[in-house]
Asker: 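Structure below; questions to follow.
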Amino acid sequence: MALVAGVDSSTQSCKVVIRDAESGGLVRQGSAAHPPGTEVHPEEWWSALRRAVEQAGGLDDVSALSVAGQQHGMICLDDRGEVIRPALLWNDTRSAGAAADLVTDLGDGDREEGARRWASETGTVPVASLTAAKLRWLADHEPGNAARIAAVALPHDWLTWRLSGSVGAETLVTDRSDASGTGYFQAAADTYRYDLLALALRRDEAEARRIVLPRVLGPGERAGTGDPDAGLSHLVLGPGSGDNAGAALGLGLRTGQVFLSLGTSGVVAAVSEVPAADPSGLVAGFADATGAHLPLACTLNAARVLDAAARVLGIGLDELGELALRAEAGAGGLVHVPHLEGERTPNLPDATGSLHGMTLSSMTRENLARAAVEGMLCLMAEAMEAVRAQGVGVERITLVGGAARSEAVRRIAPAVLGVPVDVPEPGEYVADGAARQAAWVLSGEETPPRWETGRSRTYTAPHAPEVLDRYREAAAREAAAHGA
Ligand SMILES: Nc1ncnc2c1ncn2[C@@H]1O[C@H](COP(=O)(O)OP(=O)(O)O)[C@@H](O)[C@H]1O
Ligand SMILES: O=C(CO)[C@@H](O)[C@H](O)COP(=O)(O)O
């Protein structure tokens, strides 16, 4: 029985699953926490990966491994392959101004024209999360560091490279799903755009072409083998992927199917045969891990909205869910607009969260808990509408991510979203997608192995559009206050 490993190096933790390559059956797993914050040294991820692998029983009997990782994080390497500064993560909003500048610059001073060009040329209009915006921030705020850049990698590229034991940056590899989140990759044509890398770094294109970008491997293509010095030469490495593409692969989603992930980020994404190009910037035109596309709307706020509410109420997440289910739909008029970390969809990087409709009768613990769950889900309902506006039919949605473990979220989601919600058994679907890719690479076949996916339970509830209507009113007031 050949074993394969899948790694999910995501924002809050690193998870490793080890599965049977043929059946996909789970054999063992491990996890390790990542440090908090939006600026993290990649060595921290490497150390968490090693701890998670150890907890999962090691890799001695594992034949292949792939890494899926949080998207967009900027890792700059110097000419010796050393990390120049801690990585700036997808949820670090200091690059918001840089993103706005990139849009205007490509439009020669015209923001709308710039947004149209970014969307048509790369599929995505830059926001603070994109790697290109982080590079522009670096060029403007840390020119000494920017001048030392010899290579730029993403978290999953760098971890795959570390596992291979390579030292030279020229051996870095990536896949099209993660490359498509950089801002300097054209997913529709599978090619890097050095002109846009140059724009980001304020260099000319010839200089930008001297920067090493990870070679983009095809889906299912071998990335090499593990580090012989670490006893990993038996390990075949897969190209890996961005974490959202990993989730789609782990769930075995087919064209037209849509998932909602409630982790640190909130994500609504669909597998699509056609690339997206949304000039409003709400939907990113990313690629998936199978050769198709993954139009995606991503929020900065999701599961941690519930963490924050539980903290304020001095209770655990289970109790928060029980309280929320005891309140009526609409939380007695209390509306929580949960822009706790600023927001990306809609693009309000400087926003803060707010609570509306506070009265003596609405201010109960039950309503506060309910408003947190409803607020998070309304934010996701808006993301779902943005994906729909790109022509994706959303008739039902598959719910995953840490907050999918909450019974309250599962039961309230169909009422707020207005579609049935399929909840697969709790699991690590990003890591599973990476494991499935590893099995694919090991098999050398044209398509990923058919793995049995666990049973889903479908949640339905009468649609309660008034919850979203009231949220929209409150969110519009907030957006106006933040100059949108
Ligand atoms: N039972 C639960 N109810 C609500 N939220 C939960 C529950 N279990 C875990 N979470 C939340 O899930 C989040 C982590 O989700 P995860 O998908 O692993 O995040 P990421 O992939 O971004 O690191 C945490 O914020 C945690 O509070
Ligand atoms: O920025 C995005 C997608 O564009 C995020 O989805 C990151 O990829 C982080 O994911 P999680 O750690 O929340 O899973």
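Order of appearance sets the numbers: ligands from 1, and atoms from 1 within every ligand. Here the structure is a predicted model, which is why all the values come from computation and not from measurement.
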Asker: At under 4.0 Å between heavy atoms, is it the side chain or the backbone of Gln12 that contacts ligand 2, or both, or neither?
Answerer: neither
Asker: Indicate whether the side chain of Asp101 and that of Thr104 have a donor and an acceptor atom separated by less than 3.5 Å.
Answerer: no
Asker: Output the distance between atom OG1 (Thr124) and atom CG (Leu130), rounded to the nearest 0.5 Å.
Answerer: 6.5 Å
Asker: Please determine whether a side-chain nitrogen of the Lys or Arg among Glu54 and Arg51 lies less than 4.0 Å from a carboxylate oxygen of the Asp or Glu.
Answerer: no
Asker: Sequence neighbours left out, what pairs pass salt bridge (charged side-chain N to carboxylate O under 4.0 Å, His left out) with at least one residue falling in residues 404-416?
Answerer: Arg405-Glu428, Glu407-Arg410
Asker: Which of the numbered atoms in ligand 2 are below 4.0 angstrom from a heavy atom of Phe286?
Answerer: 4 (O)
Asker: Run the salt-bridge test on Arg85 and Glu39 with the 4.0 Å N-O cut-off and return the result as yes or no.
Answerer: yes
Asker: If the cut-off is 4.0 Å to any non-hydrogen atom of His72, which atoms of ligand 2 fall inside it?
Answerer: 1 (O), 2 (C), 3 (C), 4 (O)
Asker: Can you tell me if Asn301 and Thr299 form a side-chain donor-acceptor pair at under 3.5 Å?
Answerer: no
Asker: Using a heavy-atom cut-off of under 4.0 Å, does the side chain or the backbone of Val267 touch ligand 2, or both, or neither?
Answerer: side chain
Asker: What's the shortest distance from atom 5 (C) of ligand 2 to any protein heavy atom, and which residue and atom give it?
Answerer: Ser265 OG, 3.4 Å
Asker: Polar-atom distance check: Asn244 versus ligand 2, any N or O pair below 3.5 Å?
Answerer: yes
Asker: Between Asn91 and ligand 2, find which residue part has any heavy-atom pair under 4.0 Å and reply side chain, backbone, both or neither.
Answerer: neither
Asker: Heavy-atom contacts with Gln70 under 4.0 Å: which atoms of ligand 2 show up? List them by number with element.
Answerer: 8 (O), 9 (C)
Asker: Within the structure, is a non-hydrogen atom of Arg344 found at a distance of less than 4.0 Å from ligand 2?
Answerer: yes
Asker: Report the residue from Leu237, Ile75, Leu77 that forms a side chain to side chain contact (heavy atoms under 4.5 Å, CB included) with Trp161.
Answerer: Leu77
Asker: For Val17, which of Val7, Asp8, Val27, Asp432 qualifies under side chain to side chain contact (heavy atoms under 4.5 Å, CB included)?
Answerer: Asp432
Asker: Between Asp243 and ligand 2, which part of the residue brings a heavy atom under 4.0 Å of the ligand: side chain, backbone, both or neither?
Answerer: side chain
Asker: What pair of heavy atoms forms the shortest contact from Tyr459 to Arg457, and how long is it?
Answerer: OH-NH1, 3.3 Å
Asker: Decide whether Ser10 and Asp243 meet the rule of one side-chain donor and one side-chain acceptor closer than 3.5 Å.
Answerer: no
Asker: By number and element, which atoms of ligand 2 are closer than 4.0 Å to a non-hydrogen atom of Gln71?
Answerer: 3 (C), 4 (O), 7 (C), 8 (O)
Asker: Could you check whether Thr264 and Gln12, counting side-chain N and O atoms only, form a donor-acceptor pair closer than 3.5 Å?
Answerer: yes
Asker: How close does the nearest protein non-hydrogen atom get to atom 12 (O) of ligand 2, and which residue and atom is it?
Answerer: Thr11 OG1, 2.5 Å
Asker: Tell me whether Glu121 is salt-bridged to Arg193, with the criterion being a basic N under 4.0 Å from an acidic carboxylate O.
Answerer: yes
Asker: Tell me whether Cys298 reaches ligand 2 (any heavy atom closer than 4.0 angstrom to a ligand atom).
Answerer: yes
Asker: List of N/O pairs, ligand 1 versus protein, all under 3.5 Å?
Answerer:
residue	atom	partner	partner atom	Å
ligand 1	10 (N)	Gly402	O	3.4
ligand 1	15 (O)	Gly402	N	3.4
ligand 1	17 (O)	Gly402	N	3.0
ligand 1	18 (O)	Lys15	NZ	2.7
ligand 1	21 (O)	Ser10	OG	2.9
ligand 1	21 (O)	Lys15	NZ	3.3
ligand 1	22 (O)	Thr264	N	2.9
ligand 1	22 (O)	Thr264	OG1	2.5
ligand 1	23 (O)	Ser10	OG	3.0
ligand 1	23 (O)	Gln12	N	2.9
ligand 1	25 (O)	Gln12	NE2	3.2
ligand 1	25 (O)	Asp307	OD2	2.7
ligand 1	27 (O)	Asp307	OD1	2.4
ligand 1	27 (O)	Asp307	OD2	3.2

